[in-house]
There are 2 protein chains.
Amino acid sequence: MGTREQIVEAANRLFYQQGYERTSFASIAETVGISRGNFYYHFKTKDEILEAVLEARLQDTRAMLARWTEGAATPLKRVFRFVEIVVANRADIEHYGCPVGTMTSELAKLDHPSRAQAVDIFRVFRDWLREQFTELGHAANADDLALQVLAFSQGVATLSNAFGERGYVKREVERLKTRLMSLDT
Amino acid sequence: MGTREQIVEAANRLFYQQGYERTSFASIAETVGISRGNFYYHFKTKDEILEAVLEARLQDTRAMLARWTEGAATPLKRVFRFVEIVVANRADIEHYGCPVGTMTSELAKLDHPSRAQAVDIFRVFRDWLREQFTELGHAANADDLALQVLAFSQGVATLSNAFGERGYVKREVERLKTRLMSLDT
DNA sequence: GTCTATAGCTGGATAGAC
DNA sequence: GTCTATCCAGCTATAGAC
């Protein structure tokens, strides 16, 4: 893997675990195992790394959703697949929250130029969920349902991160799935 | 108002609007209108200011909930009062997110010693909501319901902050209130 | 492409005069 | 209680050798 990709990967993880503001060039360089000087050959400013990280996350998200679209047979199963992210990643979420939600929140407070790019990741999920609900026969309020599922995952992620209680995420996910099943006609 | 109180008030606002990590002593001192040197007469470290801010928020929260307990006639109306916070504060939330959620998330990433204190604010809301649902006759799952309402407000706050769409918060709040009304026997 | 060295700035924190 | 002056560490960013 090229140095540039290694930098993006390390920055991606550190931004998630420590936050963008907190993460320094030095710590990224140290993680990758290169000097700070070399760093600037690949990225001129910290904002450039952020852009690359957000771009990578966007691509990863699109790829993941494409796999889910192909892999799950019914739209309801696809929505379930989304909802179960918080279960699969619950260990990380307990420590660092949702990568998408915490990043958009931080960039909003910093009034950062890349804020819109971070929100785009939310938008990709929202569009994909809307499609699933449309296929499910709820075209009229598909976007509303998409936002509800997104809000659910954000709420659960925030509280799981705050309280760190065993079983909480799974319990809430099961309840939402039960509610969602009543949408299947 | 004493200088110390002014510092806490300014820090409280800046921590909310910019985040803890981003906010510098200089900016707090400038907001209050004192020198950096004077600052250290009142607080020895940045962590001490954070503790004072969190303590103030905790007191404010308790006081607000006590007013609501007295002011609203029924437990359902009290829960509504809570849910409507996101409507009343929607302008701030669009800009900076929920003060409680974003603070706990940031302190979690920073692995900050005061993280538990920030979570206590969530806990005060949770306990108060649980009491309301208990009074409402749902003692068996009062804590679950409290967490659901909390998660709702966090999810809506995060998405409102991300998308900034007019009408979104009000619409979601109305929907939750409708759902909650079915709990009233 | 990668390194060392270093500039220039801002952060938190201290000392001491008033 | 409030100020000015100052220290030192850490940060982003640059220059130039290899």
Side-chain angles (χ1 to χ4, degrees), chain A residues 1-56 102-103 106-107 109-115 117-118, chain B residues 1-56 96 102-103 106-115 117-118:
Chain A
M1 186 168 53
T3 304
R4 195 193 144 94
E5 286 165 297
Q6 281 182 280
I7 291 174
V8 173
E9 193 181 291
N12 192 351
R13 198 168 56 252
L14 289 170
F15 288 169
Y16 174 44
Q17 296 177 344
Q18 307 184 334
Y20 174 68
E21 184 74 13
R22 184 62 173 311
T23 303
S24 67
F25 278 25
S27 66
I28 302 173
E30 194 187 8
T31 303
V32 178
I34 61 171
S35 69
R36 267 165 297 164
N38 186 8
F39 205 104
Y40 285 87
Y41 174 80
H42 299 280
F43 293 99
K44 304 231 185 309
T45 66
K46 197 177 171 181
D47 290 356
E48 274 186 28
I49 309 172
L50 179 61
E51 276 182 46
V53 165
L54 291 175
E55 186 56 37
T102 55
M103 177 65 91
E106 181 176 7
L107 296 185
K109 280 185 204 284
L110 298 178
D111 201 20
H112 196 282
S114 292
R115 180 189 177 182
Q117 211 180 341
Chain B
M1 189 166 53
T3 303
R4 193 194 146 95
E5 286 166 296
Q6 280 182 279
I7 292 174
V8 173
E9 193 181 289
N12 191 352
R13 197 168 56 253
L14 289 170
F15 288 169
Y16 175 43
Q17 296 177 345
Q18 309 185 335
Y20 174 69
E21 185 75 12
R22 184 62 172 311
T23 303
S24 66
F25 278 27
S27 66
I28 303 174
E30 195 186 7
T31 303
V32 177
I34 61 171
S35 69
R36 265 168 297 165
N38 185 6
F39 207 104
Y40 286 86
Y41 173 79
H42 300 280
F43 293 99
K44 304 233 186 308
T45 69
K46 197 178 174 182
D47 290 356
E48 274 187 28
I49 309 171
L50 178 61
E51 276 183 46
V53 165
L54 292 175
E55 185 57 36
Y96 317 111
T102 55
M103 177 64 91
E106 181 177 6
L107 296 185
K109 280 185 203 288
L110 299 177
D111 200 21
H112 196 283
S114 292
R115 180 187 177 185
Q117 212 181 341

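The basis for the numbers below is simple: all heavy atoms, side chains too, and nothing from hydrogens, waters or symmetry mates. Reminder, nothing fancy here: chain letters follow the sequence lines and each chain counts from 1. If you're wondering where the values come from, they're calculated on a predicted model, not measured in any experiment.
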Original post:
When you measure from every atom of DNA chain C, which of residues 5-19 of chain A have a heavy atom less than 4.0 Å away?
Top reply: none

Subject >> B:R22 CZ - D:dC11 P separation (whole Å) >> reply: 16 Å

Subject >> Nucleotide C:dT10, atom C1' - distance to CD1 of B:I28 in whole Å >> reply: 15 Å

Subject >> More than 12 heavy atoms from other groups under 6.0 Å of CD on A:E9 >> reply: no

Subject >> Whether over 12 other heavy atoms sit under 6.0 Å from B:E51 CD >> reply: yes

Original post:
Should we count CD of B:E48 as having more than 12 external heavy atoms under 6.0 Å?
Top reply: yes

Subject >> Heavy-atom pair of closest approach, residues A:A118 and A:L107 >> reply: CB-CD1, 3.8 Å

**OP:** Would you please test B:V8 and B:E55 for side-chain contact (heavy atoms from CB on, under 4.5 Å) and show each step?
**Re:** CA-CA 10 Å; B:V8 173; B:E55 185 57 36; over 6 Å; no

Original post:
So, does A:T23 use its side chain to make a donor-acceptor pair with the main chain of A:L14 at under 3.5 Å?
Top reply: yes

Original post:
Across the strands shown, which category fits A:T23 at heavy-atom distances under 4.0 angstrom: base, sugar-phosphate, nothing?
Top reply: sugar-phosphate

Original post:
When you measure from the side chain of B:E106 to the backbone N and O of B:Y20, does any donor-acceptor pair fall under 3.5 Å?
Top reply: yes

Original post:
Taking only residues two or more places apart in sequence or in another chain, which ones pass ring pair (Phe, Tyr, Trp, His ring centres under 6.0 Å) with A:Y40?
Top reply: A:F25

Subject >> Closest non-hydrogen atom pair, B:A11 against B:I28 >> reply: CB-CD1, 4.0 Å

Original post:
Between A:F43 (CZ) and D:dA13 (P), how many Å, whole number?
Top reply: 13 Å

Original post:
Quick one: is A:S24 getting a side-chain N or O under 4.0 Å of the D:dG10 phosphate, OP1 or OP2?
Top reply: no

Original post:
Roughly how many Å is it from CD1 in A:I34 to C1' in C:dT4, rounded to a whole number?
Top reply: 14 Å

**OP:** Whole angstrom is fine here: how far is it from CD in A:E48 over to P in D:dT12?
**Re:** 14 Å

Subject >> Base versus backbone protein contacts along nucleotides 13-18 of chain C [heavy-atom cut-off under 4.0 Å; B, S, -] >> reply: BB----

**OP:** Establish, with yes or no, whether the OP1 or OP2 oxygen of D:dG1 is under 4.0 angstrom from a side-chain nitrogen or oxygen of B:Y41.
**Re:** yes

